[in-house]
Amino acid sequence: MDFSELFKLSGLLGKFSPDGKCLASCVQYRLIIRDVNTLQILQLYTCLDQIQYIEWSSDSLFILCAMYKRGIVQVWSLEQPDWHCKIDEGSAGLVASCWSPDGRHILNTTEFHLRITVWSLCTKSVSYIKYPKACQQGIAFTKDGRYMAVAERRDCKDFVSLFVCSNWQLLRHFDTETQDLFGIEWAPNGCVLAVWDTCLEYKILLYSLDGRLLSTYQAYEWSLGIKSIAWSPSSQFLAIGSYDEKVRILNHVTWKKITEFEHPATVTNTKTIVYKEVEKSPSVETERFSFPPTRALASSVFSTQSKYDISQVPVSFQYIKPVADRANPKMGIGMLAFSPDNCFLATKNDNIPNAVWIWDIQKLKLFVVLEQLCAIQSFQWDPRQPRLAVCTGNSKVYLWSPAGCVSVQVPTEGDFQIVSLCWHPSGDSMALLRLCTSERLSFLSE
């Protein structure tokens, strides 16, 4: 594997363009566009204030930079570097901004979620959507870009409005049987919309494109409910992670539960493979070196090595009991994601923060557990094959595939603490992001 040099970064703002040709990163108020193959700077843009969010248009021709503190969005063109657009929400403020699927409209959500403003880059026209709900995931587009769903709150009730993205006309408007709607997400085929309730109540509702309620699923009552959900790429399965440390899988025919995956503190099944990370400091003949050693020498010679051992079951993991008197307890299924081929599901139970669980969807059973030395910060599937990348806040990136597991050390001076990663659309490389007082970005390729 090859590593690039380190690049400065602010706010973990580093993203590949959808066509895979460019890499965008931010340093304070500067937007830097690099060629993915050479990492040479193609364009350098200067914004009016510190950038807090960036997003590529779907065709990779434009990129928006949001400055929430000033209520401003600036848009830059890669084809015409001299062209730029400035959108100022004024006294209404700004809390969120995103592209429409066609890459020619920008949706801005004002402070206090008073409205969503739809700005057209082509006609300079403006449309408004009233009563957007302040929730974790209140806007969702179908994968084909034809429809948009918006969660709304009016008269103390939750609603969903469906819009046609080509002309922003209202297609359907219906109320939802939720106490306090928390999020919405389309199935990849765009036929079903999942709507789930606040974490105080376990309830998920499934609606068709014409607003009909297809099914309601409620696993239990009177306890903390849904924490995360994920659709399978084929739209055949809906995985629901909850605070009771279980993942329940619904099928797309009857919308009933077909199985549930538990995350116990001890794995006893002999058919489950448990990879345990082991670190060993390399033996060094210290008398051969002058002291104090240089920083580069110390980093390369005295850094700990990491590998995986296969543990014999039963295996017990470090289990953390959440603090009962604090909000947002660290418990339950906080992360889950399907592999692109629909064969595997990766999950993380926040009660066991050092483990990644990988489930075989074809056999509906636990396949592999990765037990790390540090808490899992992030994981992401390769977009082209069943290969999972994991980072734990240290200077290593971990890769798993059905063939095995490997730990890769980032060759840098000092400690490079990786807290996030992002695959290139081709799956041939990834960006490793570090968060600290002096943030950095590294580029890893095969």
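All values reported here derive from a predicted model rather than from experimental measurement.
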Spatial distance of atom CD1 (Ile418) from atom CG (Leu441) [nearest 0.5 Å]: 10.5 Å

Donor-acceptor contact below 3.5 Å, side chain Arg115 vs main chain Ala92: no

From Leu205 atom CG to Thr216 atom OG1, the distance as rounded to the nearest 0.5 Å: 4.0 Å

Separation of Thr117 OG1 from Leu107 CG (nearest 0.5 Å): 8.5 Å

Separation between CG of Leu13 and CD of Gln52, rounded to the nearest 0.5 Å: 9.0 Å

Partner set under ring-ring contact (aromatic ring centres under 6.0 Å, His included) for Phe317, not counting sequence neighbours: Trp357

Donor-acceptor pair, side chain of Thr142 and main chain of Tyr147, under 3.5 angstrom: yes

Closest heavy-atom pair and its distance - Asp49, Tyr29: O-CB, 3.2 Å

Asn349 side chain to Asn351 backbone, donor-acceptor under 3.5 Å: yes

Test item: His263 side-chain N/O and Glu245 main-chain N/O as donor-acceptor pair under 3.5 Å: yes

Main-chain N/O of Phe237 paired with Ser232 side-chain donor or acceptor, under 3.5 Å: yes

Side-chain donor-acceptor pair present, Tyr308, Gln372, cut-off under 3.5 Å: yes

Side chain to side chain contact (heavy atoms under 4.5 Å, CB included) between Phe174 and Leu213, worked out: CA-CA 10 Å; Phe174 53 90; Leu213 178 62; over 6 Å; no

Summary of salt bridge (Lys or Arg N to Asp or Glu O under 4.0 Å) pairs that have at least one residue in residues 338-355, sequence neighbours excluded: Lys227-Asp350, Lys348-Asp350

Nearest atoms (heavy-atom pairs only) where Trp186 meets Ala140: NE1-O, 3.1 Å

Check: Arg104 and Leu61 side chains under 4.5 Å, non-hydrogen atoms: yes

Phe159 vs Leu181, side chain to side chain contact (heavy atoms under 4.5 Å, CB included): CA-CA, chis, key distance, verdict: CA-CA 9 Å; Phe159 296 85; Leu181 187 153; over 6 Å; no

Atom OH of Tyr275: over 12 foreign heavy atoms under 6.0 Å: yes

Trace of the ring-ring contact (aromatic ring centres under 6.0 Å, His included) decision for Phe141 with Trp99: CA-CA 10 Å; Phe141 296 97; Trp99 284 102; over 10 Å; no

Distance-minimising heavy-atom pair for Leu78 and Cys22: CD2-SG, 3.8 Å

Donor-acceptor under 3.5 Å (Asn354 side chain, Leu373 main chain): yes

Qualifying side chain to side chain donor-acceptor pair (under 3.5 Å) pairs with a residue from residues 37-48, counting only residues at least two apart or across chains: Asp35-Thr38

Derivation of the side-chain hydrogen bond (donor to acceptor under 3.5 Å, both in side chains) call for Glu89 and Trp119: CA-CA 11 Å; Glu89 292 290 347; Trp119 301 83; 2.9 Å; yes

Gap separating the OG1 atom of Thr178 from the CD1 atom of Ile204, nearest 0.5 angstrom: 11.5 Å

Side-chain donor/acceptor of Ser235 to backbone N/O of Asn189, under 3.5 Å: yes

Qualifying residues under side chain to side chain donor-acceptor pair (under 3.5 Å), relative to Gln50, sequence neighbours excluded: none

Which atom of Cys65 lies closest to which atom of Leu31, heavy atoms considered: SG-CD2, 3.6 Å

Parallel, tilted or perpendicular: rings of Trp381 and Phe344 (30°, 60°): parallel

Distance (rounded to the nearest 0.5 Å) between Leu39 CG and Glu5 CD: 7.5 Å

Crowding at NZ, Lys15 (>12 non-hydrogen neighbours, <6.0 Å): yes

Full working for ring-ring contact (aromatic ring centres under 6.0 Å, His included) between Trp400 and Phe379: CA-CA 11 Å; Trp400 175 88; Phe379 60 69; over 10 Å; no

Worked verdict on Tyr217 versus Trp255 for side chain to side chain contact (heavy atoms under 4.5 Å, CB included): CA-CA 8 Å; Tyr217 180 73; Trp255 300 113; over 6 Å; no

Worked verdict on Arg212 versus Asp210 for salt bridge (charged side-chain N to carboxylate O under 4.0 Å, His left out): CA-CA 6 Å; Arg212 289 182 296 114; Asp210 58 3; 3.0 Å; yes

Determine all donor-acceptor pairs shorter than 3.5 Å in which one atom belongs to a side chain in residues 383-394; sequence neighbours excluded.
unit_1	atom_1	unit_2	atom_2	d
Arg384	NE	Pro425	O	3.1
Arg387	NE	Asp382	OD2	3.2
Arg387	NH1	Glu446	OE2	2.4
Arg387	NH2	Asp382	OD2	2.8
Arg387	NH2	Gly427	O	2.9
Arg387	NH2	Glu446	OE2	3.3
Thr392	OG1	Asn394	OD1	3.3
Thr392	OG1	Asn394	ND2	3.2
Asn394	OD1	Lys396	N	3.1
Asn394	ND2	Tyr398	OH	3.0

Donor-acceptor contact present, side-chain Ser242 to main-chain Lys246, <3.5 Å: yes

Backbone N/O of Ser306 and side chain of Glu279: donor-acceptor pair under 3.5 Å: no

Residues Gln409 and Ser395: side-chain donor-acceptor under 3.5 angstrom: yes

Cation-aromatic face contact Arg34/Phe7, 6.0 Å, 45 degrees: yes

Glu177, CD atom: more than 12 neighbouring heavy atoms under 6.0 Å: no

Heavy-atom side-chain contact between Ser161 and His173 under 4.5 Å: yes

Within 6.0 Å of CZ in Arg146, more than 12 heavy atoms from elsewhere: no

Sequence neighbours excluded - salt bridge (Lys or Arg N to Asp or Glu O under 4.0 Å) pairs with any residue from residues 120-145: Lys133-Asp158, Lys133-Asp180

Derivation of the side chain to side chain contact (heavy atoms under 4.5 Å, CB included) call for Ser10 and Ile51: CA-CA 8 Å; Ser10 297; Ile51 303 168; over 6 Å; no

Closest non-hydrogen atom pair between Cys135 and Ala151, with its separation: SG-CB, 4.3 Å

Heavy-atom closest pair, residues Ser58 and Asp102: OG-C, 3.8 Å

Sub-4.5 Å side-chain heavy-atom contact between Ile249 and Phe261: yes

Cationic N near anionic O, under 4.0 Å, Asp175 to Arg154: no

